[in-house]
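First comes the structure, then the notes that go with it.
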Amino acid sequence: MNSTLVGYFPKRRVTRSKWVSPYPEYPNAEFPAPVPVEEICSVSTCIAGTPNTLMSEVPFNEYGGYDTLASAWLAVAPDLRQLFDLYAYRLAPALFRDGQQEFLEVPENNLEPLPCTFACLGYDAVELTHSYYCWGCSPLSCNDMAEKVAVNRYCLVTTEQEGMDMARAFSVSKPEPGPYCLVEVWRDSDPAPVPGNVCPNDN
């Protein structure tokens, strides 16, 4: 299925070895996925959060992502960049509601092409809400579904078909209300830029 790049997303790094509960009301919460998961790389921001950056500070697109790598890193405070990784999401043109697959229109965009330093980590089935262009929960990490689905070290499934089947299944079992979409999750292997090396006018 032809998926479309919809943005670059700086996400806080969350690993098993350095796990700290992101929930103030549950400070003793355990790492939210079983072995073999070593990192939470799901699309949802419930566990692996995004920077607290306002639209007026660094404009983001309708998916909450950034159109260029430079603008994505500008959204992260320089002294925090070593705690973040940069992701890219590719959205499949399919929406799953109550077990039925619908066509999902993915608007054309003018994003910076995906650099060769990015590698695909796997696929996530995630809620797509608020006029269909806002990410909701990723049941693999948000609802303990990684206990029931074969996942890789990134808390994702490995193949597109597995992702499609999972999105359809979630739309029926409703660990979250849905509807669900399929997202390819990519991550940059290059390190975060050092403070002062990101120009607002970079393309």
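Each residue takes its place number in the sequence, starting with 1. Computed from a prediction, not measured in an experiment: that's the story for all the values here.
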Problem set entry | Val151 with Val14, same ILVMFWY side-chain cluster at under 4.5 Å | yes
Problem set entry | Verdict with reasoning, Asn110 to Asp67, per side chain to side chain contact (heavy atoms under 4.5 Å, CB included) | CA-CA 7 Å; Asn110 189 31; Asp67 292 350; over 6 Å; no
Problem set entry | Leu156 reachable from Val37 in the ILVMFWY side-chain graph, under 4.5 Å edges | no
Exercise. How long is the span from the CE atom in Met145 to the CE atom in Met166, to the nearest 0.5 Å?
Worked result: 9.0 Å
For this session: Report the C-alpha distance between Ser141 and Cys46 in whole Å, list the side-chain angles of each, state the deciding distance to 0.1 Å, and finish with yes or no for side chain to side chain contact (heavy atoms under 4.5 Å, CB included).
Result: CA-CA 9 Å; Ser141 57; Cys46 297; over 6 Å; no
Problem set entry | Partners meeting ring pair (Phe, Tyr, Trp, His ring centres under 6.0 Å) with Phe118 (sequence neighbours left out) | Tyr8
Seminar exercise, completed: To the nearest 0.5 Å, atom CG of Leu91 lies from atom CH2 of Trp135 at 5.0 Å
For this session: Go through the structure and list residues passing side chain to side chain donor-acceptor pair (under 3.5 Å) with Arg16, not counting sequence neighbours.
Result: none
Exercise. Ignoring hydrogens and geometry, is there a side-chain-to-backbone donor-acceptor pair from Arg13 to Gln82 under 3.5 Å?
Worked result: yes
Problem set entry | ring-ring contact (aromatic ring centres under 6.0 Å, His included), paired with Tyr89, selected from Tyr63, Tyr123, Tyr66, Phe9 | Phe9
Could you list the donor-acceptor pairs under 3.5 angstrom formed between side-chain atoms of residues 171-184 and any protein atom two or more places apart in sequence or on another chain?
unit_1, atom_1, unit_2, atom_2, d
Ser171, OG, Gly99, N, 2.8
Ser171, OG, Arg168, O, 2.6
Ser173, OG, Ala169, O, 3.2
Lys174, NZ, Asp98, OD1, 2.6
Lys174, NZ, Ser171, O, 3.2
Glu176, OE2, Asn143, ND2, 2.9
Tyr180, OH, Glu176, N, 3.0
Tyr180, OH, Glu176, O, 2.7
Glu184, OE1, Trp186, NE1, 2.9
Glu184, OE2, Ser3, OG, 3.2

Problem set entry | ring pair (Phe, Tyr, Trp, His ring centres under 6.0 Å) contacts touching residues 34-55 (sequence neighbours left out) | none
Exercise. Would a hydrophobic clustering, with Ile, Leu, Val, Met, Phe, Trp and Tyr connected at side-chain separations under 4.5 Å, put Met1 with Val157?
Worked result: yes
For this session: Answer with yes or no whether the hydrophobic clustering places Phe170 together with Ile47; edges join I, L, V, M, F, W, Y residues whose side-chain heavy atoms lie under 4.5 Å apart.
Result: yes
Exercise. Atom CG of Leu86 and atom NZ of Lys11: how far apart are they, to the nearest 0.5 Å?
Worked result: 11.0 Å
Exercise. Would you call Ser42 and Cys155 a side-chain contact if the rule is heavy atoms closer than 4.5 Å?
Worked result: no
For this session: Step by step, work out the side chain to side chain contact (heavy atoms under 4.5 Å, CB included) result for Val6 and Asn61.
Result: CA-CA 8 Å; Val6 295; Asn61 63 28; 5.7 Å; no
For this session: Please lay out, stage by stage, how Asn152 and Leu121 fare under the test side chain to side chain contact (heavy atoms under 4.5 Å, CB included).
Result: CA-CA 9 Å; Asn152 60 23; Leu121 305 184; 5.6 Å; no
For this session: Count the heavy atoms belonging to other residues, nucleotides or ligands that lie under 6.0 Å from CG of Asn52, then report whether that count exceeds 12.
Result: no
Exercise. About how many Å separate CG of Leu5 and CG of Leu114, when rounded to the nearest 0.5 Å?
Worked result: 6.0 Å
Exercise. Taking atom SG of Cys142 and atom CD1 of Ile40, what is their separation to the nearest 0.5 Å?
Worked result: 9.0 Å
N/O donor to acceptor pairs below 3.5 angstrom from side-chain atoms of residues 21-35, sequence neighbours left out:
unit_1, atom_1, unit_2, atom_2, d
Ser21, OG, Tyr23, N, 3.2
Ser21, OG, Tyr26, O, 2.7

Exercise. With no hydrogens and no angle check, is any side-chain donor or acceptor of Arg81 less than 3.5 Å from a backbone partner on Val76?
Worked result: yes
Exercise. Do the non-hydrogen side-chain atoms of Pro51 and Leu80 ever get within less than 4.5 Å of each other?
Worked result: no
Exercise. Can any side-chain N or O of Ser189 pair as donor or acceptor with the backbone N or O of Thr117 at less than 3.5 Å?
Worked result: yes
Exercise. Mind checking whether Leu104 and Leu128 have side chains closer than 4.5 Å, heavy atoms only?
Worked result: yes
Exercise. Do Val126 and Tyr154 share a hydrophobic cluster, counting only Ile, Leu, Val, Met, Phe, Trp and Tyr and linking them when any side-chain heavy atoms are less than 4.5 Å apart?
Worked result: yes
Exercise. If you look only at pairs with a residue in residues 139-165, which of them pass as a salt bridge (Lys or Arg N to Asp or Glu O under 4.0 Å), with sequence neighbours excluded?
Worked result: Glu39-Arg153
Problem set entry | Between CG on residue Leu74 and OG1 on residue Thr53, distance to nearest 0.5 Å | 9.5 Å
